Structure formats: structure tokens, C-alpha cells
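A short write-up of the structure that comes next.
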Amino acid sequence: METVEEDIVSLRNICKRFDTRPLFDDLSFHVQRGEFVAIFGPNGCGKTTLLDILSGLDKDFSGDMRFDSRVKISYIFQNYRESIFPWLTIAGNIAYPLKLQGFSDTEQKSATLNICNQFGIKFDLSDYPYTLSGGQQHLVAILRGLIIKPDILLFDEPLSSLDYQTTLFMLNKIQEIWQETKTAVIFVSHNIDDALMLSQKIILLSNRPTKTIKIFNNNLPYPRKTNVVGTREFVELKKSILSAFADEIGLQVT
């Protein structure tokens, strides 16, 4: 018997305006439980605004957004450094969502130790964020999002401000976390290689007014290491996506 996949969120005919200017025009797509989806599109097409809508931070839109029953959502912001509290310890930052939910100090400490052990994190949890590298601070932000055991994890261009070495580390760590938790991930990226390294599906958005141009399935096997970049499957899929992207932005590609 064929397995029927379950959508955790579906968007149908989403429309949004800023003043009199349209941003989204009948934007539609869906994400299945445990699926890793990348969002790729031109600058200014509303990728971050889309995450704001999915997270509930932006309610000023029309159309139909439906979740599979009640879901928990975590949002890892693009500027993760500004989302970390410098006056809290590393442990305090990771456990902060549990504190907001009324968990006891003992429960917060136990959950923080458990999640750090789960992913092999060796930080001194009594230190403060300024003692960490950029990649380590980013991990703190991700662990803080994961500690509530979300059904959907939203990433807003999480690798855009990292150096190359740290980017490679984070590509591996994000894959590891997703494969361990099987949380649905919606990953906004301006780097098509990052999207191809991580996602099962790439949703290509248009210029404004923004809609879905095409959805590309990415069947490259996991785990994906750097050597996958040179494979025929990777190159052909990248060419297909960039060709559609170039057509949309009016770029002549030889």
C-alpha cells in the first residue's frame, strides 16, 4: 500500500501588500511532516516576510494558511547574534523558551544538558555568549529553538554571515540535527549551493508580486558532504534552478 504523506502546513493563495504595493500574489505551496524545504528567489521578493507569516509574527495577509492541528514553531533569525541575550549564560540562553513556559530551574537545566549531550556540544554552559565563535553562537540559537521540540523549524539565511570554514561546519551540523530530530525545516537561502546541500525540495519564488514559479525535488542521498557538489546530479539540478531563476530576473545566460 502506498504511504500518504501528511502536510504539516499548506499555504494557498497568500496575498500581501505593503501600502499600495503588492508583495505576494496567490503564493501557494505545502510542506510535509519532517520535510526539509529551501526557499530561493530574487532579492526583495519577501522571503523573510514569508517566514514572519509562517511564524505568526505577521498576520496582515489574505489567503489560507493551514497547519496540521496544533504545531510548535521555532524561528532562527538571520541575525542570530542579536537574538542571543548577552546578559544570560549559554545555558540560560538555550533554556530561555522553557523559562517562558514556566518550567522549573531543575527542568530547564536537565533539558539543556540533554540537548547538548544529544548533539555532542562541549561548551562550558556557565560561560557567556561573547566567549563563543560565530558558529558556536549560531549553534546556541539553534539549540534554543530545538529545546521546545518544535514541529517546524524556520531558518532565515542562517549561513549568510559566516566564513567558509564555519559554513561547512554548520552545513554538516544542520543536516545532523535534522536527521536526528526529523523536524520539518523551512530554510530561506540566497545561496543555491547551501540549499542543494541541505534540502529535499527547493521552492523557487518570482519577482514581486511574488508567487511560486516552480518546485524542484532534490533526491541526492544523505548525508551530503562537500564532494556531492561536483556530481552530475548536483550540477544538473543547479543548472535547472539557475536557468529558471535567470529567466525570472531577465538575466541572459550562455
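None of these values were measured; they are calculated from a predicted model. Numbering starts at 1 and runs along the sequence shown.
More than 12 heavy atoms of other residues, nucleotides or ligands sit less than 6.0 Å from atom CD of E236. Residue K182 qualifies as enclosed at atom NZ: its count of foreign heavy atoms under 6.0 Å is above 12. Heavy-atom contacts from other residues, nucleotides or ligands closer than 6.0 Å to CD of Q101 number more than 12. No more than 12 heavy atoms of other residues, nucleotides or ligands lie within 6.0 Å of NZ in K211, so this atom counts as exposed by the packing criterion. Within 6.0 Å of the CG atom in N43, the count of heavy atoms belonging to other residues, nucleotides or ligands does not exceed 12. Around NZ of K173, the count of heavy atoms belonging to other residues, nucleotides or ligands within 6.0 Å exceeds 12. In the displayed structure, Y96 atom OH is contacted under 6.0 Å by at most 12 heavy atoms of other residues, nucleotides or ligands.
The OG1 atom of T181 lies 10.5 Å from the CD atom of E176; values are rounded to the nearest 0.5 Å. Separation of atoms CG (N172) and OG1 (T167) is listed at 11.0 Å; rounding is to 0.5 Å. Rounding to the nearest 0.5 Å places CD of Q200 at 9.0 Å from CG of N219. To the nearest 0.5 Å, atom OG1 of residue T49 and atom CG of residue L57 are 11.0 Å apart. Note that the NE2 atom of H30 and the CD atom of E35 stand 7.5 Å from one another [nearest 0.5 Å]. Rounding to the nearest 0.5 Å gives a distance of 10.5 Å between NZ of K59 and CD1 of I53.
For residues 51-70, no pair satisfies ring pair (Phe, Tyr, Trp, His ring centres under 6.0 Å), with sequence neighbours left out. Within the structure, ring pair (Phe, Tyr, Trp, His ring centres under 6.0 Å) contacts touching residues 120-169 (residues at least two apart or in different chains) are Y80-H138.
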(request) Would you sort out whether D151 and R33 count as a salt bridge (Lys or Arg N to Asp or Glu O under 4.0 Å), showing the intermediate values? (result) CA-CA 8 Å; D151 302 289; R33 277 199 174 273; 3.8 Å; yes

(request) Would you sort out whether L98 and T112 count as a side-chain contact (heavy atoms from CB on, under 4.5 Å), showing the intermediate values? (result) CA-CA 10 Å; L98 299 182; T112 301; 5.5 Å; no

(message) Is there a side-chain contact (heavy atoms from CB on, under 4.5 Å) between R17 and D60? Walk through the geometry before answering.
(response) CA-CA 8 Å; R17 304 180 74 86; D60 183 21; over 6 Å; no

(request) Could you please spell out the steps behind the side-chain contact (heavy atoms from CB on, under 4.5 Å) verdict for K201 and F29? (result) CA-CA 11 Å; K201 186 165 73 179; F29 65 87; over 6 Å; no

(message) Using the rule given for side-chain contact (heavy atoms from CB on, under 4.5 Å), can you reason through T231 versus L220, listing the C-alpha separation, both sets of side-chain angles and the distance that settles it, and then say yes or no?
(response) CA-CA 10 Å; T231 62; L220 291 165; 4.2 Å; yes

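L154 and W178 are assigned to two separate hydrophobic clusters, defined by single-linkage of ILVMFWY side chains at heavy-atom distances under 4.5 Å. Both I177 and I115 are part of a single hydrophobic cluster, where members link through side-chain heavy atoms under 4.5 Å apart. In the hydrophobic clustering of ILVMFWY residues, with side-chain heavy atoms under 4.5 Å counting as a link, I249 and L205 come out apart. Residues L143 and L100 fall into different hydrophobic clusters, defined by Ile, Leu, Val, Met, Phe, Trp and Tyr side chains chained together at heavy-atom separations under 4.5 Å. L132 and I147 fall within the same hydrophobic cluster, where Ile, Leu, Val, Met, Phe, Trp and Tyr residues are linked whenever their side-chain heavy atoms come under 4.5 Å apart, directly or through other members.
Using a 4.5 Å cut-off on side-chain heavy atoms (C-beta onward), L196 and I241 make contact. In this structure, I39 and L51 have side chains that are not in contact, with every pair of non-hydrogen atoms separated by 4.5 Å or more. When side chains are defined from C-beta on, D68 does not count as touching D7, because their heavy atoms never get closer than 4.5 Å. Residues Y75 and L54 form no side-chain contact, since every pair of their non-hydrogen atoms from C-beta on lies 4.5 Å or further apart. Contact of the F216 side chain with the F40 side chain is not registered, since no non-hydrogen atoms from C-beta on lie closer than 4.5 Å. Here the side chains of I215 and V37 are not in contact, with every heavy-atom distance at 4.5 Å or above. Put simply, the side chain of L139 reaches to within 4.5 Å of the side chain of M170, judged on heavy atoms. Between V140 and P129, every side-chain heavy-atom pair lies at or beyond the 4.5 Å cut-off.
Listed for the E248 side chain is no donor-acceptor partner under 3.5 Å among the backbone atoms of S206. The closest donor-acceptor contact from the side chain of N13 to the backbone of G63 lies at 3.5 Å or more, if one exists at all. With hydrogens and angles ignored, the 3.5 Å screen pairs a side-chain donor or acceptor of Q175 with a backbone N or O of R224. Without hydrogens or angle criteria, K47 side chain to P42 main chain gives a donor-acceptor distance under 3.5 Å. Remark: side-chain polar atoms of S110 are not paired, donor with acceptor, to backbone N or O of E107 under 3.5 angstrom. At least one donor-acceptor pair under 3.5 Å links the side chain of R144 to the backbone N or O of S83. A donor-acceptor distance shorter than 3.5 angstrom exists from the side chain of N218 to the backbone of S199, with no hydrogens or angles considered. With T210 contributing its side chain and C45 its backbone, the two residues share a donor-acceptor pair below 3.5 Å. The backbone N or O of L146 lies less than 3.5 Å from no partner atom in the side chain of S74, so there is not a single donor-acceptor pair. Between the side chain of K72 and the main chain of I148, a donor-acceptor pair closer than 3.5 Å is present.
Ring planes of F36 and F187: tilted class, angle from 30 to 60°.
Judged as a side chain to side chain contact (heavy atoms under 4.5 Å, CB included), and not counting sequence neighbours, the contacts of T226 are L168.
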